[in-house]
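So that we are looking at the same thing, I have put the structure below in structure tokens.
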Amino acid sequence: MTLAAGSATGAASLVQSVDWLAIAPPVATAGAALLVLVADLFVAERRKPLLGYGAVAGLVVALALLIPLRAGDRSTFCLTGGSGACSYTADHFALVIQALVLGGALLTALLSIGDTRKLPAGEFWFLLLSSAAGATLLPAARDLATLVVALEVASLPAFALVGIKRGDRRSSESALKFFLSSVVATAVMLLGVSFVYATTGTMHLTEIAARLDDVPGRFQTLAGTGVVLTLVGFAFKTAAAPFHFWVPDTYVGAPLPIAAYLSVVGKAVGFSGLILVTVIGFPSYADVWGPVLAVLAALTMTIGNVAALRQTATRARSAVRLLAWSSVGQAGYLLVPIAAAAYSSDAQIGSTVAYALMYAVVNLGAFAVAALVARTHPGNRLSDYRGLYATRPLAALAMGFFLLCLAGLPPGIIGLFAKVTVFSAAVDAGLGWLAVVMAVNVVIALYYYLRWTAELFRPADTEAAAEGAPAAPGHRVPAPLTVAIVLTAVAGITLSGAPQLILRVAAVGLF
């Protein structure tokens with residue numbers, strides 16, 4: 001009887017309760033994806049737009065489910081041995097990134113409702129929500145297995161979304177490039193994860209951090225190689241140079257809302273994973289990843305800004321290409337505080353999160369206005385924005401505000417304060433040379449942001465306008481697209497009116 005009771009107690013100790021509230025946001029998003037896919041079988045063709053509104057409703061519900069978690073003190077799927085290691089943790093870092101991801105997916109859905117007439121509706125909304133579910137899971141993942149699964153759940157639907165334009169050669173080519181390069185990066189990352197597991201015997205990040213401090217001498221090389229290879233995989237996801245080559249062609253070939261999604265949510269996924277593996281999993285190798293990320297940051301921001309500077313106004317889709325290269329440059333800024341964390345403290349991570357919040361709002365706004373212009377000028381050249389103020393003054397003012405925020409100039413105060421937090425992180429960590437490189441790149445970026453802003457208010461070129469696609473009779477802007485532009489503009493103006501919010505986020509301990 002005693003033996004039986006002991007066996008029962010041992011078995012009971014292995015049983016874990018699931019905190020359903022903690023995992024509610026990704027579960028709700030995944031549930032909405034399944035509901036939309038099933039509903040597509042029964043909804044008549046003329047009612048397909050209702051699927052988009054269903055996707056929006058699902059994302060709103062997932063966002064609302066973050067509110068009960070605001071204390072940031074919930075974990076689930078934990079080890080039962082008393083180590084305290086958990087596979088899922090809804091801390092403040094996870095909640096902020098989940099809010100960013102779900103907000104970005106919601107705005108992408110609003111942009112897509114009026115832009116999916118020629119796309120398979122059911123598949124499109126299912127893939128978008130599935131990717132958002134993976135992206136929502138990732139920042140809460142605290143073991144390498146969950147991290148890799150979440151990363152692939154976020155990435156695999158994105159490949160299909162990029163190539164969802166049937167019969168479009170550019171879209172198919174972009175999806176293929178994106179897929180092949182991402183698969184190679186994932187293979188490299190998985191090899192690195194296997195090396196780390198071989199040397200530590202665990203997948204949980206906190207356990208890995210403890211055991212990497214005491215790796216036997218004969219395994220030191222294997223552990224170091226595993227750390228480097230894992231970082232290479234995440235560097236691709238963040239579009240850090242020299243792993244950025246897929247960005248311009250992918251953004252140009254994808255539907256415009258999906259390009260916006262990749263520029264914000266895709267980056268949030270990559271940077272979340274990079275932060276988790278470096279700061280939580282590999283702190284004992286800070287002397288390795290710190291200098292590497294500092295060099296990558298300098299290289300990424302320089303390549304992105306110089307390439308954006310070279311975009312010509314009359315080249316087809318030059319506006320989207322400029323936003324693509326701009327996003328590469330912005331990725332360099334986002335890498336700076338992560339590199340700084342290796343030299344000072346984890347508190348520097350707050351600067352990356354604060355900058356990511358600013359970037360998400362204004363970059364989605366810029367893509368929203370680009371989607372508006374593309375409705376009458378499918379070529380989406382920079383020259384198509386000339387004289388926009390004369391025809392759509394509110395859209396031109398919004399676009400000018402978004403570009404000035406990205407440049408860090410008034411009245412885009414939020415962009416200025418976000419850049420100040422990143423500068424401060426580099427200086428406080430003793431990375432003066434990196435701060436100088438960033439300052440040079442900010443000046444370079446000013447030129448192409450201001451050049452685009454000036455185009456909005458210049459007199460329209462009547463000859464060039466005649467070459468563009470004229471607006472169809474009775475043409476009107478879809479209400480969801482208008483809502484997306486208004487939401488991003490209001491959010492940007494509100495943050496610029498209270499820039500101390502960015503400083504507060506940067507100063508808060510997120511772990």
So, Gln311 side chain and Ala307 main chain: donor-acceptor pair closer than 3.5 Å or not?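 Side chain of Gln311 to backbone of Ala307: a pair is present.
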
Between Arg142 and Cys86, is any pair of side-chain heavy atoms under 4.5 Å apart?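 When only atoms from C-beta onward are counted, Cys86 and Arg142 do not touch, as no gap falls below 4.5 Å.
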
Where the side chain of Ser327 meets the backbone of Ala324, is there a donor-acceptor pair that is under 3.5 Å apart?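 It does hold such a pair.
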
Considering all heavy atoms, the nearest Val265-Ala105 contact: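 Of all heavy-atom pairs spanning Val265 and Ala105, the closest is CG2-N, 4.0 Å.
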
Pairwise distance CZ(Phe401) to CG(Leu406) - rounded to 0.5 angstrom: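 Taking CZ in Phe401 and CG in Leu406, the distance rounds to 10.0 Å.
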
Please report the shortest heavy-atom distance between Cys405 and Ile414, naming the atom on each side.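 For Cys405 versus Ile414, the nearest heavy atoms are SG-CG2, 3.7 Å.
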
For Arg47, is there an ion pair with Asp40 - N to carboxylate O distance below 4.0 angstrom?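 So Asp40 does not pair with Arg47 through a salt bridge.
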
At what distance, to the nearest 0.5 angstrom, does CZ of Phe457 lie from OG1 of Thr453?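 The CZ atom of Phe457 sits 7.5 Å away from the OG1 atom of Thr453.
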
Checking side-chain contact (heavy atoms from CB on, under 4.5 Å) for the pair Phe423/Val336: CA distance, chi angles, key distance, verdict? CA-CA 8 Å; Phe423 273 115; Val336 172; over 6 Å; no

So, Tyr88 side chain and Ala22 main chain: donor-acceptor pair closer than 3.5 Å or not?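 Such a contact is found between Tyr88 side chain and Ala22 backbone.
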
Please evaluate residues Leu409 and Leu450 with respect to the criterion side-chain contact (heavy atoms from CB on, under 4.5 Å), reporting the C-alpha separation (whole Å), side-chain torsions for both, the decisive distance (0.1 Å), and the verdict. CA-CA 10 Å; Leu409 290 176; Leu450 289 177; 3.8 Å; yes

Donor-acceptor check, side chain of Tyr359 to backbone of Ser263, threshold 3.5 angstrom: yes or no?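 Checked: pair present.
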
Which heavy atom of Gly122 sits nearest a heavy atom of Val36, and at what distance?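 In terms of heavy atoms, the two residues are closest at O-CG1, 4.4 Å.
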
Check ring pair (Phe, Tyr, Trp, His ring centres under 6.0 Å) between Phe236 and all other residues, then give those that pass, not counting sequence neighbours.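 If we apply the ring pair (Phe, Tyr, Trp, His ring centres under 6.0 Å) test to Phe236, skipping adjacent residues, the hits are Trp246.
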
Matching residue for Val490 among Thr494, Ile493, Thr488 - test: side chain to side chain contact (heavy atoms under 4.5 Å, CB included):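 Filter result, single survivor: Thr494.
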
Inter-residue atom distance Leu456.CG - Leu397.CG, 0.5 Å rounding: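 One finds 9.0 Å between CG of Leu456 and CG of Leu397.
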
State which residue, out of Ile444, Leu403, Leu404, fulfils the side chain to side chain contact (heavy atoms under 4.5 Å, CB included) condition with Tyr449.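 It is Leu403; the other options fail the test.
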
Looking only at the side chains, is there a donor atom on one of Lys419 and Tyr355 sitting less than 3.5 Å from an acceptor on the other?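 Short answer, yes.
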
Looking at Gly104 and Leu364, what are the two nearest heavy atoms and their distance?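 Nearest pair, atom of Gly104 first, then Leu364: CA-CD1, 3.7 Å.
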
Geometric class of the Tyr385/Trp452 ring pair [parallel <30°, tilted 30-60°, perpendicular >60°]: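 Answer is perpendicular, since the angle exceeds 60°.
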
Show the numbers, then the answer: is there a side-chain contact (heavy atoms from CB on, under 4.5 Å) between Trp125 and Ser112? CA-CA 9 Å; Trp125 295 114; Ser112 303; 3.6 Å; yes

Just by distance, with hydrogens left out, do Tyr261 and Ser131 show a side-chain donor and acceptor under 3.5 Å apart?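 A donor-acceptor contact under 3.5 Å links the two side chains.
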
Hey, is the main chain of Met301 close enough, under 3.5 Å, to the side chain of Asn305 for a donor-acceptor pair?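 Present.
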
Could you go through Asp384 and Arg317, starting from their C-alpha distance and side-chain angles, then the distance that decides it, and tell me whether this counts as salt bridge (charged side-chain N to carboxylate O under 4.0 Å, His left out)? CA-CA 10 Å; Asp384 294 334; Arg317 296 169 183 81; over 6 Å; no

Drop me the distance from Leu51's CG to Leu35's CG, to the nearest 0.5 angstrom.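 Those atoms lie 11.0 Å apart.
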
So, do Thr238 and Lys267 sit near enough that their side-chain heavy atoms are less than 4.5 Å apart?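 No; the side chains remain at least 4.5 Å from each other.
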
Checking Arg321 against Val252 for the side-chain contact (heavy atoms from CB on, under 4.5 Å) test, could you report, in this order, the C-alpha distance in whole Å, the side-chain angles of both residues, the deciding distance, and whether it holds? CA-CA 7 Å; Arg321 283 189 178 277; Val252 168; 3.4 Å; yes

Would you please test Tyr343 and Gln348 for side chain to side chain donor-acceptor pair (under 3.5 Å) and show each step? CA-CA 10 Å; Tyr343 296 88; Gln348 304 291 359; over 6 Å; no

Reported CE-to-OG1 distance for the pair Met358 and Thr421, which is rounded to 0.5 angstrom: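 The distance works out to 8.5 Å.
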
Quick one: does any side-chain atom of Arg74 pair with a main-chain N or O of Ala71 as donor and acceptor, under 3.5 Å?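 A pair under 3.5 Å: no.
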
Checking side chain to side chain contact (heavy atoms under 4.5 Å, CB included) between Leu111 and each of Val483, Leu372, Ile258, Leu481, which is the one that passes?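 Answer after filtering Val483, Leu372, Ile258, Leu481: Leu481.
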
Using atom types as modelled and distance alone, determine if a side-chain donor or acceptor of Ser155 lies under 3.5 Å from a backbone N or O of Glu152.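 Not a single qualifying donor-acceptor pair exists.
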
Has Arg386 got a side-chain atom pairing as donor or acceptor with Pro459's backbone, closer than 3.5 angstrom?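 It does hold such a pair.
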
Could you tell me whether the side chain of Ser174 and the main chain of Ala254 form a donor-acceptor pair under 3.5 Å?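 Looks like no, no N/O pair under 3.5 Å.
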
Quick one: CG on Leu293 to OG1 on Thr278, what's the gap to the nearest 0.5 Å?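 Between atom CG of Leu293 and atom OG1 of Thr278 there are 6.5 Å.
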
Is there a donor-acceptor pair closer than 3.5 Å between any side-chain N or O of Thr300 and the backbone N or O of Ala241?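 Yes, the answer is positive, given that a donor and an acceptor are paired below the 3.5 Å cut-off.
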
For the ring pair Phe159 and Phe178, is the centre-to-centre distance below 6.0 Å?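 Yes - the distance between ring centres of Phe159 and Phe178 falls below the 6.0 Å cut-off.
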
Side chain to side chain donor-acceptor pair (under 3.5 Å), that's the test. Do Thr352 and Tyr333 meet it? Break it down for me. CA-CA 8 Å; Thr352 286; Tyr333 304 149; over 6 Å; no

Quick one: closest heavy-atom pair of Asn380 and Ala370, and the distance?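 Closest pair (atom of Asn380, atom of Ala370, distance): ND2-O, 3.4 Å.
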
Which heavy atom of Lys165 sits nearest a heavy atom of Gly253, and at what distance?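 Scanning both residues completely, I find the closest heavy atoms to be NZ-O, 4.1 Å.
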
